[in-house]
Amino acid sequence: MNKLKSCGIIGGGQLGMMLLEAAKAETPTVHYTVLESQEDCPARPLADAFIKGSLKDSKSLRALAAVSDVLTWEIEHIGVDTLLELEAEGKTIIPKPGVLKIIQDKGIQKNYFVEHGIPTAPFMLKEPTDTWELDRFPGEKVVLKSRTGGYDGKGVVIIKKDDLLNGNSPFEGSVLLEEFAENVKELAVIVAVDIYGNRGSFPAIDMYFNPQSNLVEFLYSPSLVDGKILKKAREIAENVVASFDSAGLFAVEMFLTEGGDIWVNEIAPRPHNSGHHSIEGFATSQFAQLNRILLGMELGPMELKYPSAMINIVGPETVSGSYKLDDGAYWSGQTDVFVHMYGKSETRPNRKLGHVTVTADNIEGLLDRAKEVQQKLRIIPS
Ligand code: ADP
């Protein structure tokens, strides 16, 4: 049984909201406080208490720590140095802030992969005054990434070598220069580790991205990728996470190259869009699992209950401001479609507004139904 009575969540976005949905169902007596700079945030209505404050400032992070037996985060751009101080002072923080310190800088993260024998795309770290040395990379294009501050593809450009040589870096400061892998498939595995060191993972999935928004558009589980590759991806992900020696929930994002290599791209040490289908599709969802880990419980079972597809509901280019999901009555009448709206009051182009999960008895039925659902999903002004 859980021993802890209070939990602090850094960040009040949709991941915090879904963590609280699971937590309130499973451990209703635990007191959850959310820290967020925006009062109008998805997680606030479900929290027992709310602290309005910056996620980077020592003062607000310490205020959250003061009312919480355990701390976690649902977003990476936060004041990690304060978390390292709090940990040194004896505060329980899951995952370990040291993991966050590594992944907040894509350069440090890549060096970590190399030092730990984790396969990753060939790369170089560059300062603004360095020469590019582009002939070290095959092909016409390379990938340039800002080392800090990027998310959802912001801070990443795929650029022709000639254009880079003839122009300036699109980013200020030091960058990560990486081999461009043509036609990659993007795989992800979510690994859970409890405080006793027990480890489990959800099966690997492949994500289908929207080329304009760079957001995950949909995914299926079980994945249609070759089983041997999925198994290897899961092994690699479990190994990366084992190297952290930390409890927590970790999404390992990987590329499957045309040549069949698996490269770890990055780690998200938190719940992840690639695991939203676990709410309906698995015995324990990624959110329920994280809640268990935070409260010192052992991992829940992680087997598949239903083949499931997840489709993101993203703000269309043509609508801004107040909005609704078209044909609400239809959606509430479906028993195999689960709509999760994140309660954001306004839409903007490419803003994540919600997701739906579709479940079915078999994968063939799932694919047909998911296509039908995807075509019907529409955000309209309200
Ligand atoms: P972010 O941290 O913003 O999500 P990523 O490193 O995941 O940035 O890159 C965003 C997207 O750019 C990836 O999902 C992938 O589609 C593409 N990308 C990034 N690195 C490479 C690469 N080395 N080769 C091919 N495509 C890449």
Side-chain angles (χ1 to χ4, degrees), residues 10-11 13 15 37 54-58 61 71-88 93-133 136-137 142-159 164 168-181 186 188 190-191 214 236-237 239-246 248-255 263-274:
I10 302 164
L15 300 175
S37 57
S54 156
L55 309 187
K56 298 192 168 159
D57 282 2
S58 166
L61 290 167
L71 287 180
T72 193
W73 57 78
E74 56 106 58
I75 182 167
E76 286 108 356
H77 300 303
I78 60 175
V80 66
D81 291 331
T82 302
L83 297 184
L84 286 164
E85 282 166 24
L86 284 164
E87 186 186 44
I93 306 177
I94 297 175
K96 285 182 183 168
V99 179
L100 192 57
K101 188 80 185 170
I102 296 167
I103 66 94
Q104 274 186 347
D105 180 327
K106 287 188 179 185
I108 296 178
Q109 180 172 227
K110 289 288 276 191
N111 281 334
Y112 179 90
F113 293 159
V114 172
E115 281 156 23
H116 290 80
I118 295 157
T120 191
F123 70 99
M124 284 190 280
L125 302 181
K126 291 286 178 190
E127 297 304 323
T129 50
D130 291 346
T131 48
W132 288 116
E133 302 178 84
R136 296 240 202 133
F137 297 99
V142 286
V143 187
L144 204 59
K145 302 185 181 184
S146 172
R147 283 180 60 169
T148 53
Y151 65 97
D152 285 347
K154 297 170 183 70
V156 174
V157 289
I158 295 165
I159 187 165
L164 188 54
N168 292 322
S169 164
F171 305 117
E172 279 177 21
S174 51
V175 291
L176 164 65
L177 185 62
E178 202 173 78
E179 180 172 327
F180 172 65
E186 308 209 21
I190 293 177
V191 182
N214 226 326
I236 291 173
N239 286 340
V240 181
V241 171
S243 79
F244 291 140
D245 191 22
S246 166
L249 192 84
F250 305 86
V252 181
E253 297 179 28
M254 288 164 277
F255 296 139
W263 288 341
V264 175
N265 180 38
E266 59 184 359
I267 314 291
R270 54 164 169 78
H272 192 255
N273 204 167
S274 65

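Residue numbers count from 1 along this sequence. Quantities reported herein were computed from a predicted structural model and do not represent experimental measurements.
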- Is Glu178 reaching over with its side chain to a backbone N or O of Lys145, donor-acceptor style, under 3.5 angstrom? no
- Donor-acceptor contact below 3.5 Å, side chain Gln104 vs main chain Glu76: yes
- Partner residues of Glu253 under the salt bridge (Lys or Arg N to Asp or Glu O under 4.0 Å) criterion, sequence neighbours left out: none
- Message: I'd like to check the salt bridge (Lys or Arg N to Asp or Glu O under 4.0 Å) partners of Asp245; sequence neighbours left out, ordered by chain and number.
- Response: Lys96
Answer whether the closest heavy-atom distance between the side chains of [X] and [Y] falls below 4.5 Å.
X	Y	answer
Leu176	Ser146	no
Ile75	Leu15	no
Leu55	Trp73	no
Leu177	Leu164	yes
Leu83	Ile10	yes

Please identify each residue that fulfils side chain to side chain contact (heavy atoms under 4.5 Å, CB included) with [X], with sequence neighbours left out.
X	result
Pro170	Leu144, Val157
Asp105	Ile108, Arg147, Thr148
Ser54	Lys56, Asp57, Ser60
Ser58	Arg62, Thr82

Which heavy atom in [X] sits nearest to a heavy atom in [Y], and how many Å separate them?
X	Y	answer
Pro97	Leu84	CB-CD2, 3.8 Å
Pro269	Leu100	CG-CD1, 4.3 Å
Gly79	Leu61	O-CD1, 3.5 Å
Val99	Ser246	CG2-CB, 4.1 Å

- Message: Return the CH2 to CE distance between Trp263 and Met254, rounded to the nearest 0.5 Å.
- Response: 14.5 Å
- Message: Could you measure the distance from the NE2 atom of His116 to the CD1 atom of Ile102? Nearest 0.5 Å is fine.
- Response: 7.0 Å
- Would you sort out whether Val156 and Lys106 count as a side-chain contact (heavy atoms from CB on, under 4.5 Å), showing the intermediate values? CA-CA 11 Å; Val156 174; Lys106 287 188 179 185; 4.0 Å; yes
- Looking at Val240, Ile267, Asn239, Val252, which one forms a side-chain contact (heavy atoms from CB on, under 4.5 Å) with Ile118? Val240
- Item | All ring-ring contact (aromatic ring centres under 6.0 Å, His included) counterparts of His77, not counting sequence neighbours | none
- Taking only residues two or more places apart in sequence, or in another chain, which ones meet Phe244 in a ring-ring contact (aromatic ring centres under 6.0 Å, His included)? Tyr112, Phe250
Output all residues satisfying side chain to side chain donor-acceptor pair (under 3.5 Å) with [X], sequence neighbours left out; order by chain, then residue number.
X	value
Glu266	none
Asp81	Lys101
Ser274	His272

Side chains of residues 120-127: which donor-acceptor partners sit under 3.5 Å, not counting sequence neighbours?
{"residue": "Thr120", "atom": "OG1", "partner": "Lys110", "partner atom": "NZ", "Å": "2.8"}
{"residue": "Thr120", "atom": "OG1", "partner": "Val264", "partner atom": "O", "Å": "2.7"}
{"residue": "Lys126", "atom": "NZ", "partner": "Thr131", "partner atom": "O", "Å": "2.8"}
{"residue": "Lys126", "atom": "NZ", "partner": "Glu133", "partner atom": "OE2", "Å": "2.6"}

